[in-house]
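These notes are about the structure you will find just below.
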Amino acid sequence: MIDIKLLRDESESTRATLARRLSDLDGYLDRIVELEEQRRGVILSAEGLKAERNRASEEVSRIKKDGGDATVLLSGLKEKSSEIKGLDARLKEIETELRKKALRIPNLPLPEIPDGGEDGNQILRTWGDPPEFDFEPKAHWDIGHELGLIDLPRGAKIAGSGFPVFTGAGARLLRALRNFMLDIHVDQHGYTEIAPPHLVTEETALGTGQLPDLESNMYRTVDGLYLIPTAEVPVTNMHAGEILQAEDLPRTYVAYTPCYRREAGAHGKDTRGIIRVHQFDKVELVRVCEAEQSPVEFDKILGHSEVILQKLGMPYRVLALAAGDIGFASAKTYDLEVWAAGVDNWLEASSASTFTDFQGRRANIRYRPEGGGKPHFCHTLNASGVALPRTIIALLENNQQEDGSVVIPEALVPYMGVDRLTGASS
RNA sequence: GGACAGGUGGCCGAGUGGUUUAAGGCGCACGCCUGGAAAGCGUGUGGGCGGCAACGUCUCCAGGGUUCGAAUCCCUGCCUGUCCGCCA
């Protein structure tokens, strides 16, 4: 959520920063500032009256105690009281609209990120070399079908397109990758493992910023709960409404969960196979830290994601997203795109973001500074560590052999139990 | 799902309409005492909003209502506990 004081006191620079997102918010911002002024005016009048009422009430109490008659005083109070009630109702209206509007303002992009929309994204560096083949590499949907790993038609039969079924060694591969990633993040990077609920309340989805912006991208149950689109949502919100101690920060969490995305109207290009699906598995990293620490924390969390791809030997590149391309809640996002030889493309396998105090403000996650003092909003960060389907795509496509088999990366062999997928076991 | 009992500050706990602008205790912080510590004594100790500040105001699970005035009375919801039912 935007800090309305910023909008009020540093209006021009704040508006200029928001304008980097390339969406027109001026009307909204004007209305917010207007409402904020009204709000303060009403508070001023209401509180003045309340102070008078409280003093008079004390007086009534004293008179009654002494056995006196307070009738005269009471008749005047009745009017005052209804006036207060009116102002309070008005205040509530204003605050409701103000909150509704403010919740739709995206986060302020950090100064260092590139300008522009998707075209402004910058490739910062590349790790590893795309593999060379003496034959025409196949796409993962063919490999997955031939080796009996992925059954798309049956998934479509059960739940519709975009719901893959993993079978045999394919299912084992998911399990192996999940455990491999969790082990690294827990044992080597020091994250606390979390197994969160997969359904969350509306308030929770508001806290991390999926609502109201991405309403159409989430599955909603008849009970009003939402299926999580990422573990970020339940995990970050664990601390909603809490005041943490600075010395307990950063809090670092890793969670494996399925992710559910409606992805309305996403048919067509780049959606074949399991590139873009309605349900997929992901290992997610979340860090909650003090405000000053978030730049350092960003480098850490990004590095932790990279380790996974490096250990799996997957070529990838790091993309700095432009201000017009980052997500609603993000202040800065780097994507890790993994190379996939069969589809001949870079695929986003991880997205690392810092949300500065945006989510902290929405979910009311605060910390008390060392040495005491008023609480501050926490900064939150997350990164995929990493998403499974695109890792599987890269693994199958990059490691395929001319005989149709797929070599398992060495680091994953202990988890898979075999060093090669041949289709024999599926 | 049904019945009953509850939800008060960091924690325990008192409080059934008016100095509760929340008693008391624990914890914590500071001070006194001490060679040092413990004990003891004293002082302080939540959050939000408005205000340059003084200060004001709100906050006893949440939201409505009654009243001049609500932690306290009424309604709705959420959560917790116990028992029963159902169930992986």
Side-chain angles (χ1 to χ4, degrees), chain A residues 1-10 32-103 195-207 220-226 234 237-249 251 258 291 357 359-378:
Chain A
M1 183 137 63
I2 187 146
D3 180 359
I4 294 174
K5 286 194 182 100
L6 269 184
L7 205 53
R8 192 175 83 201
D9 302 335
E10 293 163 48
I32 285 173
V33 170
E34 186 187 331
L35 284 165
E36 168 64 9
E37 258 162 47
Q38 287 177 20
R39 185 179 79 92
R40 285 188 296 155
V42 173
I43 284 174
L44 209 63
S45 328
E47 290 196 351
L49 287 173
K50 282 177 186 172
E52 287 177 35
R53 181 192 63 188
N54 289 348
R55 274 196 296 274
S57 263
E58 253 173 73
E59 185 69 22
V60 170
S61 168
R62 201 173 312 126
I63 292 171
K64 289 211 166 179
K65 199 167 185 147
D66 296 343
D69 182 5
T71 317
V72 183
L73 201 50
L74 286 183
S75 65
L77 272 179
K78 186 155 195 162
E79 197 182 324
K80 189 155 286 173
S81 213
S82 76
E83 201 177 335
I84 289 170
K85 203 165 273 186
L87 284 171
D88 276 347
R90 173 79 189 119
L91 181 62
K92 183 144 200 158
E93 269 174 42
I94 292 169
E95 286 185 332
T96 301
E97 196 191 340
L98 189 58
R99 179 175 162 77
K100 202 173 147 199
K101 290 269 190 302
L103 282 173
H198 299 176
L199 284 91
V200 295
T201 60
E202 180 179 351
E203 195 185 358
T204 297
L206 272 167
R220 187 171 189 270
T221 71
V222 291
D223 294 323
L225 296 173
Y226 291 87
N237 277 287
M238 284 200 306
H239 293 301
E242 295 182 5
I243 300 177
L244 304 166
Q245 297 300 321
E247 41 279 26
D248 294 335
L249 298 175
R251 302 291 277 252
D357 67 355
Q359 293 180 331
R361 204 176 279 283
R362 288 170 88 98
N364 197 23
I365 305 168
R366 292 172 293 173
Y367 67 97
R368 197 175 302 285
E370 225 145 339
K374 285 284 171 189
H376 298 171
F377 288 112
C378 287

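Labels below follow one simple rule: chain letters A, B, ... track the order of the sequence lines, proteins then strands, and each chain is numbered from 1.
For A:Asp3 and B:C49, the CG to C1' distance is 14 Å, given to the nearest whole Å. Across the protein-nucleic acid pair, A:Lys374 atom NZ and B:G47 atom C1' stand 7 Å apart, rounded to whole Å. Atom-to-atom, CG of A:Leu49 to P of B:C68 comes out at 16 Å; the value is rounded to the nearest Å. For the pair A:Met1 CE and B:G48 C1', the computed distance is 13 Å after rounding to whole Å.
For B:U59, the OP1/OP2 oxygens have no side-chain nitrogen or oxygen of A:Lys50 closer than 4.0 Å. Residue A:Asn54 places at least one side-chain N or O closer than 4.0 Å to OP1 or OP2 of B:U57. Within the structure, every side-chain polar atom (N or O) of A:Ser81 is placed at least 4.0 Å from both OP1 and OP2 of B:U67. Contact annotation: A:Arg368 reaches the phosphate of B:G47 (side-chain N/O to OP1 or OP2, under 4.0 Å). At B:C68, none of the side-chain N or O atoms of A:Arg53 fall inside 4.0 Å of OP1 or OP2 (strictly under the cut-off).
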Show each protein N/O and nucleotides 7-11 of chain B N/O combination with a separation under 3.5 Å, one pair to a line.
none

Sort me out a list of protein N/O and nucleotides 26-31 of chain B N/O pairs below 3.5 Å, or just none if empty.
none

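Distance alone, capped at 3.5 Å, places no donor-acceptor pair between the A:Arg361 side chain and the A:Ile2 backbone. Listed for the A:Arg366 side chain is no donor-acceptor partner under 3.5 Å among the backbone atoms of A:Leu244.
Mapping A:Glu47 and A:Arg366 onto RNA chain B by nearest heavy atom places A:Arg366 closer to the 5' end of the strand. Of the two residues contacting RNA chain B, namely A:Lys5 and A:Ala56, the nearest-nucleotide position lying further toward the 5' end is that of A:Ala56.
Here the side chain of A:Arg8 is nearest to one of B:G51, B:C49, B:G48, namely B:G51. Checking B:C68, B:G47, B:G51 against every side-chain atom of A:Pro375, the shortest atom distance belongs to B:G47. For A:Lys78, the side-chain atoms get nearest to B:C68 when compared with the rest of B:U66, B:C68, B:G47.
A:Lys80 comes within 4.0 angstrom of no nucleic acid atom, judged by non-hydrogen atoms across all strands.
Straight-line distance between the C1' atoms of B:C26 and B:G44: roughly 16 Å, to the nearest whole Å.
Near-neighbour residues of RNA chain B inside residues 91-99 of chain A, defined by a heavy atom below 4.0 Å, number-ordered: A:Lys92.
Pairing partner, B:G40: B:C32, with both Watson-Crick or wobble hydrogen-bond distances short of 3.5 Å.
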